[in-house]
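In listed order, ligands and their atoms are each counted from 1. Along the sequence shown, the residues carry numbers beginning at 1.
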Amino acid sequence: MHLTIGWLYGTKMNIYGDRGNVLALEQRARWRGIPAETREIGLGEPIPDDVDIFFFGGGQDQEQIAVSADLQGEKGEALKAAVEDGAALLAVCGGYQLLGHEYRPHDGPALLGIGLFDLVTEAGSERFIGNIVVESPFGELVGFENHSGLTHLGPGTEPLGRVRVGRGNNGRDGTEGARYKHAVGCYMHGSLLPKNPDFADWLLAAGLSRRQGGTPVELPPLDDDLERAAHAAAVTRAVRTR
Ligand code: GLN
């Protein structure tokens, strides 16, 4: 077994520790004896056809302009086709916003997304900054949010979870993130995966199963004492500070 991670716009869309998600996926595979490699997919570069897991980090409005244009047409369609074929994907904040239909920033025209998730985002007047705790099918998730974007899910779109502490998609409907097949978008920077090992392993197993023709992949457990202690400390801080 071999893991290939496709890091979308790693130099442009990578803030608030998002790179840690790529490191966590690589390391959790290697700790199990699974070779892992990461390929950056930058502006003008095609979507490789052998990626198991895509990661798409956050970025400021300015960076999102060029990335939005780059994703239109063949590239965005190839990314959607990979997800339809079973590839796993994690997108955070600015990356998440561009996987919906569009993101309307404070200034300038709306930025087109690719419509992987049925959602739209508009910049709000308040910036949501702080630790966030979410109840999800992957258990309790903890991260850090920093966005002004207000994301509204389409009628059939499944959220990643419900906000217990923090603001989430829009600070109103109690949802955070979105899910479609093995693709997950959310506002949780942090980085997210090192402190949420069960979710990291779900993404890993989902991505690896693509090469096995969709047959579920069972990953042997790791000693996650440190990761779970970091998770608990982050949840305590979130509850105290918001
Ligand atoms: N520019 C977007 C917003 O502020 C995304 C920011 C981010 O990726 N943290 O909502």
Side-chain angles (χ1 to χ4, degrees), residues 6-24 40-43 54-72 76 79 89-134 141-154 157 159-160 163 165-178 183-196 234 238 241-242:
W7 189 1
L8 289 159
Y9 309 104
T11 49
K12 272 192 150 330
M13 300 290 282
N14 172 25
I15 52 179
Y16 312 128
D18 289 339
R19 177 169 176 267
N21 295 299
V22 173
L23 299 179
E40 185 175 341
I41 306 165
L43 291 174
F54 291 94
F55 176 67
F56 193 176
Q60 303 309 334
D61 289 17
Q62 190 55 38
E63 310 300 348
Q64 290 176 288
I65 295 169
V67 170
S68 163
D70 190 64
L71 277 171
Q72 298 314 304
L79 186 55
L89 178 148
L90 173 64
V92 178
C93 206
Y96 167 41
Q97 294 169 344
L98 294 180
L99 296 185
H101 297 300
E102 66 176 20
Y103 167 54
R104 302 176 199 127
H106 285 292
D107 308 311
L111 305 182
L112 289 177
I114 65 169
L116 174 67
F117 297 121
D118 177 14
L119 58 86
V120 292
T121 302
E122 57 184 342
S125 56
E126 180 188 0
R127 193 154 197 90
F128 297 164
I129 300 177
N131 298 295
I132 175 172
V133 181
V134 173
L141 301 175
V142 64
F144 177 82
E145 63 183 329
N146 183 337
H147 59 103
S148 67
L150 304 174
T151 293
H152 301 283
L153 305 182
T157 304
L160 170 57
V163 175
V165 177
R167 308 302 294 273
N169 277 329
N170 50 53
R172 290 194 207 104
D173 66 10
T175 67
E176 160 54 5
V184 172
C186 67
Y187 277 111
M188 292 188 274
H189 296 282
S191 37
L192 177 64
L193 296 183
K195 295 194 291 287
N196 298 281
T241 57
R242 292 205 83 176

Counting from 1 in the order shown, the ligand 1 atoms closer than 4.0 Å to a non-hydrogen atom of Y103 are 1 (N), 2 (C), 3 (C)

Counting heavy atoms under 4.0 Å, the part of M13 that contacts ligand 1 is neither

Fill in: S191 side chain to G17 backbone, donor-acceptor under 3.5 Å
yes

Partner of Y187 under side-chain hydrogen bond (donor to acceptor under 3.5 Å, both in side chains), picked from N170, N146, T151, is T151

protein heavy-atom neighbour closest to atom 4 (O) of ligand 1 works out as R127 NH2, 3.0 Å

Test your reading of the model: is there a side-chain donor-acceptor pair from N21 to the backbone of D18, 3.5 Å cut-off?
yes

* Say whether D61, considering both its backbone and side-chain N or O atoms, lies within less than 3.5 Å of an N or O atom on ligand 1. => yes

Quick note on ligand 1: atoms under 4.0 Å from a heavy atom of Y16 include exactly 9 (N)

Checking heavy atoms under 4.0 Å, the part of I15 that sits near ligand 1 is side chain

Restricting to heavy atoms, the pick from G59, S148, A91 nearest atom 5 (C) of ligand 1 would be G59

For N146, the ligand 1 atoms with a heavy-atom partner under 4.0 Å come out as 7 (C), 9 (N)

Q | Under 3.5 Å: donor-acceptor pair, side chain of N169, backbone of G177 | A | yes

ask   = Counting only N and O atoms by type, is there a donor-acceptor contact under 3.5 Å from the side chain of Q64 to the main-chain atoms of L98?
value = no

re atom 7 (C) of ligand 1, the protein heavy-atom contact at minimum distance is C93 SG, 2.9 Å

If we number the atoms of ligand 1 from 1 as shown, the ones under 4.0 Å from a heavy atom of G149 are 3 (C), 10 (O)

When only distance counts, is Y187 in polar contact with ligand 1, meaning an N/O pair under 3.5 Å?
no

Looking only at the side chains, is there a donor atom on one of D118 and H101 sitting less than 3.5 Å from an acceptor on the other? yes

So the atoms of ligand 1 within less than 4.0 Å of a heavy atom of G94 turn out to be 5 (C), 7 (C), 8 (O)

Check: E145 side chain, G166 main-chain N or O, donor-acceptor pair, under 3.5 Å:
no

Sub-3.5 Å donor-acceptor pair from the side chain of E176 to the main-chain atoms of L160, do we have one?
-> no

>> Could you check whether any side-chain N or O of N196 sits under 3.5 Å from a backbone N or O of V142, counting only pairs where one atom can act as donor and the other as acceptor?
In response: yes

Atoms of ligand 1 under 4.0 Å from any heavy atom of G58, numbered from 1 in the order shown, are 8 (O)

If you scan protein heavy atoms around atom 2 (C) of ligand 1, the nearest is Q97 OE1, 3.3 Å

